[in-house]
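Numbering of ligands and ligand atoms starts at 1, following listing order.
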Amino acid sequence: MTGAEAHCTAFREAHGAPEPHATEAALYDAAGLAFIPPELREGRGELDAAAKDDDGGDALPSLIEAADLRGALHNHSTYSDGSASLRAMADAARDRGLAYFGICDHSQSLGVAGGLSPEEVRRQQDDIRALNEAFAADEGDPFRIFSGIESDVLADGALDYAEDVLASFDFVVASVHQGLDMTETEATERVVRAVQNPHTRILGHATGRQLLAREGYPLDVERVIAACAEHDVALEFNANPRRLDLDWRHLRAATDAGVLVAVNPDAHRTAELDYMTRFGVPVARKGWLTAAQCLNAKPLDEFDAWIDGR
Ligand SMILES: [Zn+2]
Ligand SMILES: [Zn+2]
């Protein structure tokens, strides 16, 4: 049996030291358990969920798979700090079999990352309209670019454009990038205010951590999840391997509260679209994520309806 120490200990306490078996499936079966996927072996309730009922059923989640993803949300282009054009990024998403692509370049306050002025937003939206017309006219499967923005969350929790500009986007990802030196109360108030903003649809990399580089600001994740549930805002699971933020240990609290999780590549070049399948899906599985709980596993029409639903 392989798994985290907590899993193996809990197994031994409940079922005794395991006998040798030819396969792990046989080992779990002998204990009256369904096969527990390796990602779930963390001692976080998976043994109880694997217990078979009278009909042989169990309560393990049907974990998300890479093939469940239908779209890539939160991506950058040369409009801000990405290294590929909008067209090249969208084509790369389509080449990967996806049906939609959300462009979310940086907003105006993030000057160091080429944040978009309102004029540049309009220009990009003209580009998107032209590209979508071309996609609609060609022979391929339906494919659409959605006009998003990764709006900075300002120090007071406001978003980074005037109302009319915010209203022009198909959806807004709200992210904190600046002024990271905050107490937990300050950070939580700021993030919750951003979630309350009626334009926000997704909360980006909620804690701001960068693995092996910085901790991220302290955050009352429970309060943030409750705010997302109240305002029907999805939580990002940022699949960039330097972030993996929100931590997978919090994903179940989010889905238990009915909050959708967006597995987002935060791609700045075409190859980074693969962050979703290389890191996002495998790590989200540790958080018990199912396709039904994943925003960008929705088919194109359902995603389109969802972003208009707030
Ligand atoms: Zn960001
Ligand atoms: Zn980003």
task: Answer yes or no for His76: is there an N/O/S atom below the 2.8 Å cut-off from the Zn ion (ligand 2)?
output: yes
- prompt: So does Arg96 pair up with Asp274, basic N to acidic O under 4.0 Å?
  reply: yes
query: Heavy-atom count around Asp138 CG within 6.0 Å, excluding the residue itself: above 12?
result: yes
- request: Taking both backbone and side-chain atoms into account, decide whether His106 has an N/O/S atom under 2.8 Å from the Zn ion (ligand 1).
  value: no
message: At less than 2.8 Å, would any N/O/S atom of Asp266, backbone or side chain, sit next to the Zn ion (ligand 1)?
response: no
message: Checking one value in my table: which N/O/S atom of His177 lies closest to the Zn ion (ligand 1)?
response: NE2
statement: Row for the Zn ion (ligand 2): angle NE2 (His74) to OE1 (Glu150), 10° precision, value 90°
Can [X] and [Y] be counted as having a side-chain donor-acceptor contact under 3.5 angstrom?
X: Gln178; Y: Ser109; result: no
X: His74; Y: Glu150; result: yes
X: Glu24; Y: Thr2; result: yes

